[in-house]
Structures are given as structure tokens and as C-alpha cells.
Amino acid sequence: MTQAFPALLLEFFCRPAEVVGPDLVGCRLVKRQADGRVLWGVIVETEAYSQDEPACHGYRRRSPQNETLFGEPGRFYVYVSYGIHHCVNVVTDRPEWANGVLLRAIALPDEPERVAAGPALLARRFGLDRSHDRAAVTGENEVWLAPRPVAFGTPTIVSTTRIGISQGQDISWRWYLKNCRSISRRAKGDRTPPLQQAWAPSVSDCP
């Protein structure tokens, strides 16, 4: 089964977050579970952060809590929001420069459309927490990122401003799959597509 989900190469992540962010839409988050089964979903919403803008965790200072964000690209950076919610990011660009992409929403095959429509829901559904911080996303562990399937085609992606932040709200570094209903929050004026016209993953998408 895991042969159906080859991992993305490290080179994919050695680019600025604002480049990797939209390219991750349509890619898949994959987890090999304890019973050997594979849990997977399609990334449908992402958000980028960079050290030179105020919404980034590494903007003001480097600390033990955000150390991973300054490390090697191609690793998970998992932090706790409001003391209770885990948020899953991918480190990008280069070492010594805080740069990463937040995975905001994922659509899972044959599951409720909003089961992972938000960072905290995403982390909960995949069982990801601080123990996964610093783990490689390139196939060395039980959780990894796989590329867009060929059948996915070229997605129509909406670019809009980030949410849930107090600074840097005007930067359009959030992207989502337009014809999907599993988005955490749509851009103003962009209506949720009717169920009959919306895209959703299916177990048949896995070879």
C-alpha cells in the first residue's frame, strides 16, 4: 500500500514557504498506523510564514519552542496553540532561517467533509503532536508527505490572506482548493460549492 504514496523529495521543501505553500495543495499527508493500515488525506489548504514578517514564530527571537523552524527543511514543526491545540507545519527553505508552511485543512476519503477542516482538527485526526516535531516528512518515518496523484490534474487554487493572526493579516499567503468543501474558512465572497459540484477524495484515488 505504501508504494502508492511515494514520499516527496527533500528538494521540494528547499524553497521559500510562499512557493511551497500552494504546491502542497493536492499533495497527501500519509500515516502508517500501528495495525499496518495507511491513513491518508489530500491537503486542501495551507498557509506560509517567513522570518521577515511579524506573524512568523521566528520573527522576534529563537527559542527552544521554535527551534525546529530554524532547522533543516523537510521536517515537521509541531507546536501547541492556546495550550491545547496542536498545529502541524512543514519546515521549508534553508537552515538558520525560520520558514514554514502550516497545514490548515485536509480532505479524507469517505469521511465527513470537515473532519480535518482546520489545523487542530487535522492534527487530531492524524494523531500528530509534539512527539512528531522535527521528524522528517520525506518517508523515513511513519508519517510523510506524498505528491499529487497524476489523476488530480492541475488544481484551481484560491490565494487569499491568512487567518487567526494579529499581525501581517494583509499578506496573501493562504491557499486552498477552490472546489472543495473541506476548507477551514473561505475567502470573502467565495461561496462553498454545492455538494454535487464539489471535489472530494475517494479510496479509488489510491492505486
Side-chain angles (χ1 to χ4, degrees), residues 1-33 37-48 73-76 88-92 100-119 121-123 125-126 128 136-160 162 172-187 190-207:
M1 172 66 78
T2 56
Q3 293 179 350
F5 302 102
L8 284 165
L9 299 177
L10 177 60
E11 288 75 13
F12 179 93
F13 304 98
C14 297
R15 302 176 294 159
E18 66 270 25
V19 177
V20 176
D23 283 355
L24 275 173
V25 175
C27 293
R28 294 163 291 180
L29 177 64
V30 188
K31 182 180 183 182
R32 185 185 298 107
Q33 301 180 94
R37 292 185 298 171
V38 172
L39 174 68
W40 66 276
V42 176
I43 299 168
V44 295
E45 183 182 0
T46 62
E47 214 168 53
R75 295 183 178 275
F76 286 117
V88 182
N89 302 256
V90 182
V91 181
T92 57
V101 176
L102 171 66
L103 305 184
R104 282 204 62 91
I106 283 181
L108 287 87
D110 299 341
E111 293 199 23
E113 61 187 29
R114 302 194 61 79
V115 70
L121 292 173
L122 184 159
R125 180 64 189 90
F126 278 82
L128 303 177
V137 305
T138 48
E140 294 89 336
N141 304 290
E142 75 278 6
V143 187
W144 69 95
L145 293 175
R148 294 171 181 164
V150 175
F152 190 78
T154 302
T156 299
I157 297 175
V158 174
S159 175
T160 186
R162 299 172 296 184
S172 297
W173 278 3
R174 182 166 68 97
W175 303 270
Y176 65 81
L177 185 63
K178 182 175 177 60
N179 63 337
C180 181
R181 293 167 59 92
S182 300
I183 309 306
S184 66
R185 188 191 303 174
R186 307 187 79 85
D190 181 31
R191 304 184 71 172
T192 301
L195 184 61
Q196 299 83 355
Q197 300 173 18
W199 174 88
S202 168
V203 290
S204 62
D205 296 331
C206 174

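Sequential numbering from 1 along the given sequence is applied to the chain's residues.
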Engineer: Can you tell me how far the CD atom of Gln33 sits from the CD atom of Glu142, to the nearest 0.5 Å?
Structural biologist: 10.5 Å
Engineer: Return each pair, listed once, that meets salt bridge (Lys or Arg N to Asp or Glu O under 4.0 Å) where at least one residue sits in residues 101-110; pairs must be two or more places apart or across chains.
Structural biologist: Glu45-Arg104, Glu47-Arg104
Engineer: Check Ser159 against Ser172 and note the closest heavy-atom contact, atom names and distance.
Structural biologist: OG-O, 3.5 Å
Engineer: Kindly give the heavy-atom pair with the smallest separation between Gly26 and Pro149, and that separation in Å.
Structural biologist: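 Gly26 and Pro149 have their closest heavy atoms at O-CD, 3.8 Å.
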Engineer: Any non-hydrogen side-chain atom of Glu111 less than 4.5 Å from a side-chain atom of Leu39?
Structural biologist: yes
Engineer: Are any side-chain N or O atoms of Arg148 and backbone N or O atoms of Val25, one a donor and one an acceptor, separated by less than 3.5 Å?
Structural biologist: yes
Engineer: Does Ser182 use its side chain to pair, donor to acceptor, with the backbone of Glu113 at less than 3.5 Å?
Structural biologist: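 Looks like yes, one N/O pair under 3.5 Å.
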Engineer: Is a donor on one side and an acceptor on the other found under 3.5 Å between the side chain of Tyr176 and the backbone of Ala187?
Structural biologist: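 Such a contact is found between Tyr176 side chain and Ala187 backbone.
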Engineer: Using modelled atom types only, decide if a donor and an acceptor are shared between the side chain of Trp173 and the backbone of Gly21 within a distance under 3.5 Å.
Structural biologist: no
Engineer: Any heavy-atom pair between the side chains of Leu177 and Val42 that's under 4.5 Å?
Structural biologist: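 Not touching, per the 4.5 Å side-chain cut-off.
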Engineer: Can you give me the closest heavy-atom contact between Ala198 and Pro193, atom names plus distance?
Structural biologist: CB-CG, 4.0 Å
Engineer: If you define the side chain from C-beta out and look only at heavy atoms, does anything of Val90 sit under 4.5 Å from Thr46?
Structural biologist: no
Engineer: So how far is it from Ile43 CD1 to Cys180 SG, rounded to the nearest 0.5 Å?
Structural biologist: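 The SG atom of Cys180 is 12.0 Å from CD1 of Ile43, to the nearest 0.5 Å.
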Engineer: Are Thr156 and Asn179 side-chain neighbours, meaning at least one heavy-atom pair lies under 4.5 Å?
Structural biologist: no
Engineer: Any chance you could measure Thr138, atom OG1, to Leu10, atom CG, to the nearest 0.5 Å?
Structural biologist: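 Atom-to-atom, Thr138:OG1 and Leu10:CG are 6.0 Å apart.
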Engineer: With a 6.0 Å cut-off (strictly less than), is the heavy-atom count around CZ of Arg185, excluding the residue itself, greater than 12?
Structural biologist: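 Atom CZ in Arg185 is not packed in, count stays at 12 or less.
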Engineer: Ignoring hydrogens, what is the shortest heavy-atom contact between Ala117 and Ala105? Give both atom names and the distance.
Structural biologist: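 That would be CA-CB, 4.0 Å.
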Engineer: With sequence neighbours excluded, tell me which residues meet ring-ring contact (aromatic ring centres under 6.0 Å, His included) with Phe152.
Structural biologist: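 Counting only residues at least two positions away or on another chain, Phe152 forms a ring-ring contact (aromatic ring centres under 6.0 Å, His included) with Trp199.
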Engineer: If you look at every heavy atom in Ala7 and Pro147, which pair is closest and at what distance?
Structural biologist: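 Reported closest heavy-atom pair: C-CD, 4.3 Å.
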Engineer: Atom CD of Gln197 and atom CZ of Arg181: how far apart are they, to the nearest 0.5 Å?
Structural biologist: 10.5 Å
Engineer: Supply the atom-to-atom distance Ile183 CD1 to Asp190 CG, rounded to the nearest 0.5 angstrom.
Structural biologist: 9.0 Å
Engineer: Any side-chain hydrogen bond (donor to acceptor under 3.5 Å, both in side chains) pairs touching residues 11-20, not counting sequence neighbours?
Structural biologist: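 Checked against side-chain hydrogen bond (donor to acceptor under 3.5 Å, both in side chains) - neighbours excluded - the pairs reaching residues 11-20 are Arg15-Asp23.
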Engineer: With side chains defined as the heavy atoms from C-beta onward, is the minimum distance between Val30 and Trp40 less than 4.5 Å?
Structural biologist: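 Yes, side chains in contact.
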Engineer: Report yes if the side chains of Arg162 and Leu102 come closer than 4.5 Å at any heavy-atom pair, otherwise no.
Structural biologist: no
Engineer: Any side-chain heavy-atom pair from Leu121 and Arg114 closer than 4.5 angstrom?
Structural biologist: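 No; the side chains remain at least 4.5 Å from each other.
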Engineer: Could you state the interatomic distance from CG (Asn89) to CZ (Arg75), rounded to the nearest 0.5 Å?
Structural biologist: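 That separation rounds to 15.0 Å.
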Engineer: How far apart are the closest heavy atoms of Pro73 and Cys14, and which atoms are they?
Structural biologist: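 What the structure gives for the nearest pair is CG-SG, 3.8 Å.
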Engineer: Please check: side-chain N/O of Arg28 versus main-chain N/O of Trp144, any donor-acceptor pairing under 3.5 Å?
Structural biologist: no
Engineer: Flag the pair Phe126 / Ile106 as yes when at least one side-chain heavy-atom distance between them is below 4.5 Å, and no otherwise.
Structural biologist: yes
Engineer: Would you sort out whether Val91 and Phe13 count as a side chain to side chain contact (heavy atoms under 4.5 Å, CB included), showing the intermediate values?
Structural biologist: CA-CA 7 Å; Val91 181; Phe13 304 98; over 6 Å; no
